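Owing to the predicted nature of the structure, the values given are computational and were not obtained by experimental measurement. Proteins come first, then strands; the chains are lettered A, B, ... in the order of their sequence lines, and each starts at number 1.
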Amino acid sequence: LIYRGILLLPGLAGLFLLLSSRNLAKKAVGLLLFQASILLLWFSLSGVHGGFANPVPLAIADSIAIALCALAILLYLLLMAIHRQYGTFEEEALEGKEER
Amino acid sequence: MKDHLPLLILLLPFLAAPLMALVPSALRRVLALAVFAAGFYMELTALPVLLAQGGWHYNLGGWAPPWGIELVLTPFTLFLAGLGWLVGLGAWFYGLPFWVLHRGEGKKEGAFYAFLFLLSGTFLGFLTVRDLFSLYLLLQLSVAAGALLLALGQGRGWLDAFRFLLWGSAGSSFFLLAVFFLYASTGTFHLGDILAQIFIAKNAALVTTAGCCLALGLSQPLLFPSLPVFRSLLERTPAFLLGLLVSLWTRGAVYLAFTFLFFTLNLPSYAPPKGIVLCEYSLVVVFLALFVLAIRQKDLLKALGHLGTAQLGVLFAGFLLGNKAALTGALMDLSSQVLVMAGFFFAAGMLRSTPGALPFSRLAGLGRHQPLMGLSLVIFAASVAGVPPTGGSFGKWYLVQGALEKKDWVLLASLAASVLFGLFYFVKWTVLLYEHRSVSGSLLYPSKASQVFLFLLALTVLLLGLFHQAIIHDLIEPALPKAFQDLPIPNVPFLGKEVE
C-alpha cells in the first residue's frame with residue numbers, strides 16, 4: 001500500500017499544478033503527470049505474485065499509455081494554436097484578450 | 001447478420017467517422033444522411049426482437065463475460081439511441097447553413113461530420129457497453145471529439161477547445177482511478193460481475209471511494225456548459241453544436257451514472273456516510289437552484305445553459321430517491337430532456353445569424369410570425385415545466401409519486417419548487433412569444449423545412465407524453481434494476497388510492 005501511495009505522489013503534484021497554476025501549459029503538464037501516475041498504478045498491478053503473472057493490467061496500462069500519448073499530442077497542438085493566436089499561455093492575459 | 005445487430009448499431013458511427021474525412025466533399029452530405037438512415041433502420045430491425053425478449057446480451061467476439069466485453073441492449077437504451085440519432089440528424093441538418101456560409105472549407109466540414117459521428121458513437125457506447133475500461137476509453141474519446149467539435153465550430157476556438165479537453169480529461173482521469181480501484185479489488189471489468197464481487201466481499205469502502213471518483217469523472221459532462229471556465233463559450237459556439245453536446249454528451253453521462261448507481265455499485269444494505277448523503281442532497285438542491293439563475297437571465301443562450309444543468313437536478317432527485325416510481329420518472333424525463341434541450345438550442349441557432357448574444361426581447365411576438373416554431377418552443381417549455389401532456393410532465397409526475405412514497409420531504413419540496421419555477425418560466429416564455437410586439441428586424445426568419453424538423457422534435461416530446469403508459473411498460477420497466485421489474489407502480493394517498 002505504501003509502495004502504491006508513493007506512486008501516487010507525482011499524481012498529487014500534477015493535480016496541484018492543474019488546480020493552482022494560472023498558466024495553461026503548466027496545467028497541461030499537471031494533467032499529464034496525474035494521468036501518468038495512474039498509469040504507474042496500473043503497472044504496479046501486473047507484477048508476479050506467487051509465480052503467477054496477470055497480463056490484464058499490463059495490457060490495460062499499454063492502452064492507457066496510447067490514450068495518454070494521443071491526449072498529450074492534442075493538448076500540445078491546441079497550446080501551439082493558442083500561442084499563435086494570443087501570444088501567451090497566462091490566463092489573466094488570455095482573459096483580457098478574449099474580452100477585447 | 002441480424003444476430004450481430006447490437007454490435008452493428010454501436011459500430012456504425014465509428015466506421016462512418018473516418019469515412020467522412022476521406023470521401024469527396026460532394027458525397028459527404030449524402031453519405032452522412034445514408035449513415036443516419038442506416039442507423040434508424042438497424043434500430044427499427046432490433047426493436048421487435050427486444051420487445052419480445054426484454055433485452056439483448058451480446059458477447060463481443062463470442063467471449064462471455066467476465067472475460068469478454070458485453071454489450072447490453074434493452075428496449076429503453078435502443079429507444080434512447082434512436083432519440084440520439086434524431087438529435088445527431090438535427091445537428092447535421094441545422095449545421096448545413098453554417099457550412100454553406102463556410103463554403104470552401106470542405107475539409108473542416110468532413111472533420112465536423114467525423115467528430116459528430118464519433119460523439120454519437122460514444123453516446124451509443126455509454127448506453128450499451130458493460131465493460132468498465134471500455135467506458136473509460138469512450139469517455140476520453142467523447143471529450144476529445146467534443147473539444148474538436150468546439151474548435152471546428154468556433155473557427156479559431158482553440159481556447160474553449162483546450163479548456164474542454166483539459167477539464168474533461170481531468171475528469172476522465174478520476175474515472176480511470178475508479179476503474180483501477182474497482183479492478184484492483186474485484187479483478188474484473190464487467191459491471192455486473194463487479195456488483196457480484198462487491199456483494200460477496202461486502203466492500204462498502206470500495207463503493208464509497210469508487211462512487212466519489214466516478215462522480216468526479218462525470219462532473220464536466222454534467223456541469224457543461226454552466227461551468228465558470230466556459231464564460232463566453234455560449235456566445236461563440238454555433239447553437240446546433242451546443243444542442244448536440246448538451247443533449248447527447250451530458251444526457252449520455254447521466255445514463256452512465258444511472259448504470260453505475262443501480263447496476264454496479266448497488267450494494268444491498270449499503271448506507272453511505274452521512275457526509276456523502278449531505279453532498280448528494282446539496283448537489284440536487286444546487287442543480288435545482290439553477291432554475292432561478294436561468295429565469296434571471298436576459299439572454300436566451302445563457303438561460304438555456306443554466307436550464308440544461310438545472311434539469312439534471314430533477315434526474316438526480318430520482319436517482320437519490322431510488323424507488324421504482326422515481327426511477328421510472330427519471331428515465332422518462334431523461335428521454336424528453338434529450339429532445340427538449342436539443343430543440344431549444346437548435347431553435348436558438350435558427351434565430352441568430354452569427355454567434356453572439358440572443359436577448360429575450362428580440363423574441364417578442366415570434367410565435368405570431370412563425371407559428372410552427374412558436375408552438376414547438378411552447379411544447380419544449382411545457383415539458384420543462386411539467387405541463388401535460390408532454391413527456392416531461394409524466395416524468396415529473398412519477399418523480400413526485402416516488403418522493404411521496406419515500407416520504408422524502410426535502411426532495412419533494414425541491415421538486416415542487418423546481419416545477420413552480422418551471423411553470424413561471426413557461427408562462428413568461430409563452431406570453432413573450434405571443435405578445436403583440438413585432439420581432440426585431442435583426443432576427444432571422446428560418447425556413448419552413450427547418451421549422452418542420454423542430455416541430456418533429458416537439459411532436460416527439462408530445463408523443464412521449466401521450467403514449468407514456470406504453471413507453472413505461474414496454475421500454476422503461478425492462479431497463480430498471482431487476483428488483484423493480486415486476487412491481488406495480490405504487491399507489492399513494494395523494495391519488496386517493498390505498499398505500500401498498
Checklist entry - Which bit of B:Val143 comes within less than 4.5 Å of chain A, counting heavy atoms only: side chain, backbone, both or neither? => result neither
Checklist entry - Which pair of non-hydrogen atoms, one from B:Ser173 and one from A:Gln35, has the smallest distance, and what is that distance? => result OG-NE2, 2.8 Å
Checklist entry - How about A:Tyr86 and B:Trp158: are their ring centroids closer than 6.0 Å? => result no
Item to check | side-chain contact (heavy atoms from CB on, under 4.5 Å) evaluation trace for A:Leu24 with B:Leu166 | outcome: CA-CA 9 Å; A:Leu24 294 186; B:Leu166 186 82; 5.6 Å; no
Checklist entry - Heavy-atom distance under 4.5 Å between the side chains of A:Leu18 and B:Trp167, does that happen here? => result yes
Checklist entry - Taking it one step at a time, do B:Leu176 and A:Phe34 satisfy side-chain contact (heavy atoms from CB on, under 4.5 Å)? => result CA-CA 11 Å; B:Leu176 183 60; A:Phe34 183 42; over 6 Å; no
Checklist outcome for this item: d(B:Ser169 OG, A:Leu71 CG) to nearest 0.5 Å is 4.0 Å
Next on the checklist: Given heavy-atom pairs under 4.5 angstrom as the criterion, report whether the side chain, backbone, both or neither of B:Phe162 touches chain A.
Outcome noted: both
Next on the checklist: Can you tell me which portion of A:Ile38 sits under 4.5 Å from chain B's heavy atoms? Options are side chain, backbone, both or neither.
Outcome noted: side chain
Next on the checklist: Less than 4.5 Å to any heavy atom of chain A: does that hold for the side chain of B:Leu141, its backbone, both, or neither?
Outcome noted: neither
Checklist outcome for this item: Scored by heavy-atom pairs under 4.5 Å with chain B, the best of A:Pro57, A:Ala67, A:Gly11 is A:Pro57
Checklist entry - Which one of A:Leu77, A:Leu74, A:Leu41 has the most heavy-atom pairs closer than 4.5 Å to chain B? => result A:Leu41
Checklist entry - A:Glu91 and B:Arg163: side-chain contact (heavy atoms from CB on, under 4.5 Å), yes or no, with the steps? => result CA-CA 11 Å; A:Glu91 285 209 288; B:Arg163 284 172 177 153; 3.9 Å; yes
Next on the checklist: Go through it in stages, so that I can follow the logic: the residues are B:Tyr183 and A:Ile60, the test is side-chain contact (heavy atoms from CB on, under 4.5 Å), and I'd like the CA-CA distance, side-chain angles, deciding distance and then a yes or no.
Outcome noted: CA-CA 11 Å; B:Tyr183 179 78; A:Ile60 295 297; over 6 Å; no
Next on the checklist: Just so I know, are the side chains of A:Leu78 and B:Phe164 near enough to count as touching, which here means a heavy-atom distance under 4.5 Å?
Outcome noted: no
Next on the checklist: For the interface with chain A, which of B:Phe180, B:Phe133, B:Tyr136 has the highest count of heavy-atom pairs at distances below 4.5 Å?
Outcome noted: B:Phe180
